[in-house]
Amino acid sequence: MMLGVYDYTVVLTYVSVLISMGGMLFSMNGYPRMAIVCLALSGFCDMFDGKIARTKKNRTEVEKKFGIQIDSLADIICFGVGPTLIAYRMGMNHGIGVAILMFYVLAGLIRLAWYNVSEEIRQEETTENRECYQGLPITSMAVALPILYVFRPILGKDFIIALHALVLIIGLLFITNFRLRKPKKLGQTVMVIIVALAVLHGLHIW
């Protein structure tokens with residue numbers, strides 16, 4: 001018997017981690033386009049992993065708690081460390097840039113730990129789905145960074161400034177206490193389209 005959960009409720013989370021690891025390797029070896037594609041694909045997986053998990057009505061408490069933990073652990077890899085390596089290779093590799101990247105990962109980690117605690121308490125009190133995010137979800141970088149990268153040719157030399165600003169602002173929003181309503185079907189559709197366009201752009205199809 002193996003430790004962990006291996007049914008369909010966590011498959012997309014595991015796939016997301018594997019894709020993200022591929023993206024980090026692409027980034028380290030000088031293939032930023034493919035790294036961005038992997039980041040976008042990881043974000044795509046994350047959009048649906050929770051929905052798939054909730055289709056299993058007879059999940060045990062252990063499976064539910066495991067789902068919360070594994071999702072956050074995957075998120076810090078896919079949308080915390082992954083984007084940091086991509087941004088580092090894109091030019092945030094000196095002084096202020098490195099400090100911003102370190103802050104970004106720490107803020108993402110704090111945000112995820114806070115989410116884990118609050119979500120576990122919430123699930124003990126209600127079975128209703130969460131209507132709002134508290135603080136900006138860490139998965140936002142899977143949309144924000146690909147969008148910025150698409151505009152890299154237009155931004156030219158200003159791209160590196162925009163990259164610094166993006167990472168810093170998103171990191172701050174991770175730990176800022178505000179409520180953000182979860183996107184409805186239209187919002188989710190828009191995000192899927194954005195991710196798809198980023199992937200096509202990265203693959204030179206668009």
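What you see below is based on every heavy atom in this structure, not just the backbone, and it leaves out hydrogens, waters and symmetry mates. Since the structure is predicted, the reported quantities are computational estimates derived from the model, not experimental observations.
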Point-to-point distance, once rounded to the nearest 0.5 Å, from [atom1] of [X] to [atom2] of [Y]:
X	Y	atom1	atom2	answer
L136	L180	CG	CG	6.5 Å
F66	L3	CZ	CG	9.5 Å
L145	L39	CG	CG	5.5 Å
S27	M90	OG	CE	7.0 Å
R59	K65	CZ	NZ	12.5 Å

Sequence neighbours excluded - ring pair (Phe, Tyr, Trp, His ring centres under 6.0 Å) pairs with any residue from residues 10-41: none

Would you say [X] and [Y] are hydrophobically clustered, going by side-chain heavy atoms of ILVMFWY under 4.5 Å?
X	Y	value
M21	I70	no
V105	M28	no
W114	I175	no
L18	F79	no
V143	M141	yes

Within residues 84-113 or reaching into it, pairs that qualify as side-chain hydrogen bond (donor to acceptor under 3.5 Å, both in side chains) - sequence neighbours excluded: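 Every pair satisfying side-chain hydrogen bond (donor to acceptor under 3.5 Å, both in side chains) with a residue in residues 84-113: there are none.
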
Does anything in residues 68-83 pair up under side-chain hydrogen bond (donor to acceptor under 3.5 Å, both in side chains), and if so which pairs, sequence neighbours excluded?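 Sorted pair list: Q69-N116, S72-N116.
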
For V62, the rest of its hydrophobic cluster, which grows through side-chain links under 4.5 angstrom: none

In residues 157-174, what donor-acceptor pairs under 3.5 Å come from side-chain atoms, sequence neighbours left out?
| unit_1 | atom_1 | unit_2 | atom_2 | d |
| --- | --- | --- | --- | --- |
| H164 | ND1 | I160 | O | 2.7 |

When you compare the side chain of P32 with that of I86, does any pair of heavy atoms fall below 4.5 Å? no

Evaluate the side-chain proximity of L155 to L148: yes if any heavy-atom separation is below 4.5 Å, no if none is. yes

According to side chain to side chain donor-acceptor pair (under 3.5 Å), who are the partners of T55, at least two apart in sequence or on a separate chain?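 Partners of T55 under the side chain to side chain donor-acceptor pair (under 3.5 Å) test: Y8.
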
side-chain contact (heavy atoms from CB on, under 4.5 Å) partners for L73, two or more places apart: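 For L73, no residue satisfies side-chain contact (heavy atoms from CB on, under 4.5 Å) once neighbours in sequence are set aside.
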
Please name all residues satisfying side-chain contact (heavy atoms from CB on, under 4.5 Å) with N177, sequence neighbours left out, ordered by chain then number.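 Checked N177 against side-chain contact (heavy atoms from CB on, under 4.5 Å); matches are Q134.
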
Heavy-atom pair with the smallest gap, counting every atom of S20 and C78: OG-CA, 3.2 Å

List, one per line, each side-chain donor-acceptor pair under 3.5 Å for residues 41-50, sequence neighbours excluded.
| unit_1 | atom_1 | unit_2 | atom_2 | d |
| --- | --- | --- | --- | --- |
| S42 | OG | S16 | O | 3.1 |
| S42 | OG | C38 | O | 3.1 |
| D49 | OD2 | T13 | OG1 | 3.2 |

Quick one: salt bridge (Lys or Arg N to Asp or Glu O under 4.0 Å) pairs with a partner in residues 3-28, sequence neighbours left out? D7-K56

